Amino acid sequence: GTKAQDLESHGSGIVRFRSHEPEELRVRRIGADVAITSLRARLAVELGGRIVRGTYRYTRVWAREDGRTWRVAGGQVGEVHTL
């Protein structure tokens with residue numbers, strides 16, 4: 001979904017994090033003004049009254065222009081499946 005849709009789902013209460021347990025964080029700088037982060041976390045999320053549990057990986061691209069505040073320029077999240 002879009003950033004606006006994501007914010008709306010959290011603001012309306014349709015999505016509620018019940019637990020968030022970070023397991024691994026990696027940060028890679030790509031020059032002075034770009035960084036990529038990768039976070040693996042175990043989550044329990046309530047979606048419209050139903051609890052969903054799993055391990056997920058968040059990837060974010062962070063950037064700043066003219067030395068200003070870091071902002072998320074892009075990202076994704078997906079479930080980590082184990083064998």
Side-chain angles (χ1 to χ4, degrees):
T2 66
K3 179 179 178 179
Q5 291 169 327
D6 187 42
L7 292 173
E8 172 60 26
S9 67
H10 289 279
S12 69
I14 292 172
V15 174
R16 291 185 180 181
F17 283 86
R18 297 303 184 193
S19 70
H20 185 277
E21 301 172 31
E23 295 181 337
E24 174 187 75
L25 174 63
R26 294 180 184 179
V27 179
R28 181 174 177 210
R29 289 289 293 264
I30 310 294
D33 296 315
V34 177
I36 299 171
T37 61
S38 174
L39 172 70
R40 186 180 69 222
R42 284 185 286 155
L43 306 177
V45 180
E46 184 177 341
L47 299 168
R50 186 175 71 103
I51 300 290
V52 176
R53 298 177 196 283
T55 301
Y56 292 83
R57 182 168 304 277
Y58 293 83
T59 304
R60 299 286 183 261
V61 176
W62 294 82
R64 63 182 176 175
E65 295 180 32
D66 301 324
R68 294 190 214 150
T69 303
W70 288 94
R71 296 178 54 184
V72 175
Q76 67 86 35
V77 62
E79 188 171 8
V80 175
H81 298 281
T82 57
L83 300 175

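The basis for the numbers below is simple: all heavy atoms, side chains too, and nothing from hydrogens, waters or symmetry mates. Because the structure is predicted, anything quoted here is derived from the model rather than measured.
- The two atoms that bring Ala41 and Pro22 nearest to each other are CB-CA, 3.9 Å, heavy atoms only.
- Within a 6.0 Å radius of CZ in Arg26, other residues, nucleotides and ligands contribute 12 heavy atoms or fewer.
- Other residues, nucleotides and ligands contribute more than 12 heavy atoms inside 6.0 Å of the CD atom of Glu24.
- Going from atom CD of Gln76 over to atom OG1 of Thr59 covers 4.5 Å, rounded to the nearest 0.5 Å.
- What you find for Arg57 and Ser38 is that their closest heavy atoms are NH1-OG, 2.9 Å.
- Distance check, rounded to the nearest 0.5 Å: CZ of Arg18 to CZ of Arg53 gives 10.5 Å.
- Within the 4.5 Å cutoff, side-chain heavy atoms of Val72 are placed close to those of Trp62.
- Residues passing the side-chain contact (heavy atoms from CB on, under 4.5 Å) test with Arg42 are Glu21, Glu23, Thr55, sequence neighbours excluded.
- Residues satisfying the side-chain contact (heavy atoms from CB on, under 4.5 Å) test with Arg64, not counting sequence neighbours, are Arg29, Asp33, Trp70.
- In this structure, Ile14 shares a hydrophobic cluster with Val15, Phe17, Leu25, Val27, Leu39, Leu43, Val45, Leu47, Val52, Tyr56, Tyr58, Val77, the cluster being traced through Ile, Leu, Val, Met, Phe, Trp and Tyr side chains under 4.5 angstrom apart.
- Clustering ILVMFWY residues whenever any of their side-chain heavy atoms sit less than 4.5 angstrom apart, transitively, puts Ile30 in the very cluster that holds Val61.
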